[in-house]
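Everything below concerns the one structure shown next.
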Amino acid sequence: MSKNLSSRRSVLLGAAGVTAAVPAAAILTPHDVIAANVTAGPGKAHHGPAHDWLATFVVQKMKEEQAGRAQ
Amino acid sequence: VITVELDIFSGLENQKWDLTPEEATGFIAALVEDLAVVRPLLSVADVGARGYIIHLTGIHASLLGLLGVPTSFRITDQPFDPSFLDIPLTPSAPGDAESVLGSVDDPPNDEARSFAPLAACSLAYTSWNDFSFWNGSRQQTNNCYCYAANYATNNWSHPGRKGGAPIPTNAAYSSRPGVTSFTNAMTADGWKTSCNGESLRVVAYVGKITYDSVYSPQWDYHFWRKNLNGSTDRWCHKPGSTKARNKDYSGSFITSVASADRSKYFPPTTSFPVGYTINYNERIGTFRTPAGKRSLVIK
């Protein structure tokens, strides 16, 4: 990854409030993410931190809505 | 803005949540940690839970776009089918219909016995095994009702919206619409409950979504439309954002919706740890387009 792209990504993520470690090999060209994923794992399921985040978030939202309806 | 959509429903819109700025930060942090979770929007297989659709707009679309993330993508636990990459993602213009093959004599079957067919009654039908019209750029934005009407609105349509008598899509399960509400909505849209010429045939069911825990039941609706393989009935359908198809939940061709497998349990996944059952078990009825109409304009 070029220094220019790496710096740009750091700025962008900082602007979004993201402080987590980001892998250095992140792809920066639009749509290449999906193309790379196809190449890397056809026919395979893939689990990442986003799965865990969504699981926690959605179940919490569902519980809140359930509680809201019960009141 | 980041919107999270839990992709479950066939007729009704999926549940969606707009993330707060704090939530968005947390999600982005988790996402960029492993971008390999990003899947094409249409990469949903015929089996298993469909997972989530993530929509990005504004600054979040710009920021994540520079990391190569599309503005809409799917996060799912299903294995990746690379063939979905070949599907164009640009929606087609609304208001087009699949070409209709022709008409045949149409003796009543178990879906139509409640109506006495007239001598001129015949079936207009589309292909029973070529769903390319629906399973490309139109797949994500047309639901089961669009497929039933053979009219791609690209706007996730509902019975009665066109005719000004919409079903109550926000109703709780205990207040879900039944035969009367659906029939009023369908007839307002132009559907007929009897046959007096060549027409499309559709059948509607209301279903119950039951969760293992956490959540009270929800309702949904689903439509099937009759096609033919030679002289054999082939009821076809399009469950929500998934592909149009000619098989039921058991993988069997549908010669009768009444006897088809319309119920499925979706076990917990890593991204949605709540198992759920979808069961389209309440028959609403059979409806037909007006004579000579091979698609019905809906909204």
Side-chain angles (χ1 to χ4, degrees), chain A residues 1-2 4-71, chain B residues 4 6 15 17 19 21-41 43 48 51-52 54 59-60 62-71 73-85 89 172 211 213-216 268-274:
Chain A
M1 182 189 314
S2 71
N4 184 41
L5 289 177
S6 179
S7 299
R8 182 175 64 173
R9 189 186 61 181
S10 297
V11 171
L12 291 170
L13 295 177
V18 176
T19 57
V22 180
I27 299 165
L28 292 171
T29 52
H31 307 299
D32 279 357
V33 166
I34 285 176
N37 292 346
V38 172
T39 304
K44 298 178 182 176
H46 183 80
H47 176 82
H51 288 77
D52 298 329
W53 192 93
L54 288 167
T56 303
F57 170 78
V58 171
V59 169
Q60 180 61 32
K61 288 294 180 186
M62 292 172 76
K63 287 180 178 176
E64 290 173 4
E65 292 172 7
Q66 179 85 3
R69 273 195 299 271
Q71 290 178 350
Chain B
V4 172
L6 177 61
Q15 291 177 277
W17 298 273
L19 304 190
E22 294 75 20
E23 292 166 344
T25 298
F27 176 71
I28 292 172
L31 182 66
V32 300
E33 216 173 306
D34 184 359
L35 289 175
V37 300
V38 174
R39 293 286 186 263
L41 198 57
S43 62
Y52 299 94
I54 310 297
I59 186 66
H60 293 115
S62 302
L63 291 171
L64 289 170
L66 289 168
L67 292 175
V69 179
T71 53
F73 59 95
R74 189 176 295 272
I75 292 181
T76 173
D77 292 84
Q78 293 187 21
F80 199 169
D81 180 352
S83 66
F84 289 106
L85 265 191
L89 298 179
Y211 297 90
S213 59
V214 180
Y215 222 27
S216 54
T269 68
T270 59
S271 60
F272 186 56
V274 180

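It should be emphasised that the depicted structure is a prediction, and the values quoted were computed from it without experimental measurement. Basis for what follows: all heavy atoms, side chains included, without hydrogens, waters or symmetry-related copies. Lettering follows sequence order; numbering is per chain, from 1.
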Report summary line: Looking only at B/L31, B/I75, B/L6, most heavy-atom pairs under 4.5 Å shared with chain A are made by B/I75
Query raised in the report: How would you list, by chain and number, every residue that makes a side chain to side chain donor-acceptor pair (under 3.5 Å) with B/T270, sequence neighbours excluded?
Result: A/H47, B/D77
Requested in this report: Nearest 0.5 Å please: distance from the NE2 atom of B/H60 over to the CZ atom of B/F27.
Outcome: 10.5 Å
Query raised in the report: Which residues satisfy the side chain to side chain donor-acceptor pair (under 3.5 Å) test with B/Y215, sequence neighbours excluded?
Result: A/E65, B/Q15
Query raised in the report: For B/L19, is it the side chain, the backbone, both or neither that has a heavy atom under 4.5 Å from a heavy atom of chain A?
Result: side chain
Query - B/L41 CG to B/T71 OG1 distance, which is reported to the nearest 0.5 Å - result: 8.5 Å
Query raised in the report: Quick one: of B/A172, B/S216, B/P273, who has the most non-hydrogen atom pairs under 4.5 Å with chain A?
Result: B/S216
